[in-house]
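Take a look at the structure set out below.
The figures here come from the full heavy-atom set of this structure, side chains too, leaving out hydrogens, waters and symmetry mates. Here the structure is a predicted model, which is why all the values come from computation and not from measurement.
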Amino acid sequence: MAYILNIETSTKNCSVSIAKDGNTLLCKEVAESGYSHAEKLHVFIEELLLELQLKYSDLNAVAVSQGPGSYTGLRIGISAAKGLCYALNIPMIAVDTLEVLTRKLQISEGFIIPMIDARRMEVYSAIFDAQYQKIRATQAEIITEDSFANLEKPVYFVGDSFEKAKAVLTKPNFIFKEDVIYPSASEMGALSYDKYKKNDTVDVAYFEPYYLKDFMTTAPKK
């Protein structure tokens with residue numbers, strides 16, 4: 001029996017769940033434009049443990065969404081995961097953010113393309129088949145009318161970028177989930193448990209978020 005704490009903070013959604021043997025028991029999350037992750041994350045963890053009548057010592061591992069996504073959000077989630085793993089002397093598991101996002105959909109055929117907004121017409125995306133197998137690696141790419149044109153089967157898009165993507169991706173086999181959907185810790189349970197069983201963990205001291213792009217800042221105006 002394994003209890004795994006799952007942390008997903010790669011987007012505006014601050015999301016935490018606890019899963020038992022891969023089955024999510026409880027999830028708490030909130031999506032706010034102000035990125036309240038630093039204030040909400042540890043509160044959610046405490047609330048989950050209290051409501052499930054668990055102690056920190058009951059946790060067998062901590063899983064965290066590794067990116068790509070928000071620099072600040074990823075840093076907050078991964079720092080929290082590292083602190084807990086150090087304190088509790090338990091393993092840390094890293095889960096692909098876009099793979100988490102694909103689990104919001106279930107399809108019988110075709111492809112799932114999860115997208116996370118990377119500003120302007122750029123997105124972080126990958127391509128998965130109906131069995132959630134990644135068939136094209138994660139990329140930061142500018143969406144144009146020619147994007148994904150080689151895919152002939154139904155293509156399902158999910159994420160927080162459907163408005164700008166739908167404006168240019170107009171092939172008849174393109175299907176959009178017309179809601180802003182963020183990755184959630186509620187879909188991390190099975191993924192993190194599978195890695196836990198395989199002892200697929202990361203080095204707590206040296207693990208870094210998967211930013212995909214270099215961090216850029218804007219010089220302050222004088």
Side-chain angles (χ1 to χ4, degrees), residues 6-17 24 27 29-37 63-74 76-77 94-151 153-192 209-213:
N6 298 285
I7 297 172
E8 163 51 63
T9 57
S10 64
T11 63
K12 293 178 181 179
N13 194 31
C14 179
S15 181
V16 185
S17 73
T24 298
C27 178
E29 58 190 356
V30 63
E32 295 178 338
S33 59
Y35 282 90
S36 58
H37 301 32
V64 66
S65 184
Q66 68 181 18
S70 157
Y71 297 98
T72 302
L74 288 170
I76 290 170
V95 180
D96 182 337
T97 299
L98 291 177
E99 186 172 359
V100 174
L101 186 53
T102 65
R103 301 302 173 109
K104 288 287 186 182
L105 298 183
Q106 292 181 339
I107 63 173
S108 57
E109 66 168 342
F111 306 97
I112 300 174
I113 298 182
M115 288 183 173
I116 293 177
D117 188 31
R119 297 186 179 181
R120 299 185 178 89
M121 288 304 293
E122 193 170 18
V123 298
Y124 303 119
S125 71
I127 302 176
F128 293 79
D129 64 19
Q131 290 72 47
Y132 304 118
Q133 298 299 308
K134 184 181 282 189
I135 61 173
R136 198 215 69 188
T138 299
Q139 297 179 7
E141 58 188 314
I142 296 173
I143 296 299
T144 72
E145 61 184 10
D146 296 321
S147 299
F148 317 113
N150 61 317
L151 301 178
K153 294 181 180 180
V155 180
Y156 297 83
F157 295 90
V158 60
D160 63 357
S161 309
F162 78 90
E163 287 188 350
K164 67 182 182 184
K166 188 177 181 180
V168 294
L169 299 176
T170 58
K171 284 187 64 181
N173 62 314
F174 290 169
I175 303 163
F176 288 86
K177 184 71 174 176
E178 295 199 16
D179 295 298
V180 174
I181 297 177
Y182 299 112
S184 169
S186 61
E187 278 76 49
M188 288 178 65
L191 295 169
S192 59
Y210 180 44
Y211 289 133
L212 197 59
K213 295 200 306 179

Exercise. Do the non-hydrogen side-chain atoms of Ser184 and Glu8 ever get within less than 4.5 Å of each other?
Worked result: no
For this session: Determine whether the side chains of Glu145 and Thr170 contain a donor N or O and an acceptor N or O closer than 3.5 Å.
Result: no
Exercise. For the residue pair Pro183 and Val100, what are the closest heavy atoms and their distance?
Worked result: CB-CG1, 4.2 Å
Exercise. Which class fits the ring pair Phe176 and Phe157: parallel under 30°, tilted 30 to 60°, perpendicular over 60°?
Worked result: parallel
Exercise. So which of Ser15, Ser17, Ser186 actually passes side-chain hydrogen bond (donor to acceptor under 3.5 Å, both in side chains) with Glu29?
Worked result: Ser15
Problem set entry | Least distance between heavy atoms, Ala149 atom then Lys171 atom | O-NZ, 2.9 Å
Problem set entry | Steps toward side chain to side chain contact (heavy atoms under 4.5 Å, CB included) verdict (Gln133, Phe128) | CA-CA 5 Å; Gln133 298 299 308; Phe128 293 79; 6.0 Å; no
Exercise. Would you say Lys12 and Glu32 make side-chain contact, with heavy atoms under 4.5 Å?
Worked result: no
Problem set entry | Heavy-atom pair with the smallest gap, counting every atom of Leu101 and Ile116 | CD2-CG1, 4.2 Å
For this session: Scan Asn6, Thr97, Asn13, Thr11 and name whichever one has a side-chain hydrogen bond (donor to acceptor under 3.5 Å, both in side chains) with Ser65.
Result: Thr97
Problem set entry | Within-4.5 Å side-chain heavy-atom neighbours: Ile107 and Ile112 | yes
For this session: Can you spot which of Val158, Ile181, Val123 makes a side-chain contact (heavy atoms from CB on, under 4.5 Å) with Pro114?
Result: Val158
Exercise. Are Phe111 and Tyr156 close enough that their ring centers fall under 6.0 Å?
Worked result: no
For this session: With the side chain counted from C-beta on, respond yes when Leu151 and Ile127 share a heavy-atom pair under 4.5 Å apart, and no when they do not.
Result: yes
Exercise. Any idea which heavy atoms bring Val30 and Ser36 closest together, and the distance?
Worked result: CG1-OG, 4.4 Å
Exercise. Between Arg120 (side chain) and Ile142 (backbone), is there a donor-acceptor pair under 3.5 Å?
Worked result: no
Exercise. Would you call Ile143 and Met115 a side-chain contact if the rule is heavy atoms closer than 4.5 Å?
Worked result: yes
Exercise. With the threshold set at 4.0 Å, does a side-chain nitrogen-carboxylate oxygen contact exist between Asp129 and Lys134?
Worked result: no
Exercise. Which atom pair, heavy atoms only, marks the closest approach of Leu105 to Tyr132?
Worked result: O-OH, 2.6 Å
For this session: Would you indicate whether the side-chain heavy atoms of Leu191 and Glu99 approach each other to under 4.5 Å?
Result: yes
For this session: Locate the shortest heavy-atom distance separating Asp160 from Asp117; write the atom from each residue and the value.
Result: OD1-N, 2.8 Å
Exercise. Does Glu122 reach the side chain of Glu141, with side-chain heavy atoms less than 4.5 Å apart?
Worked result: no
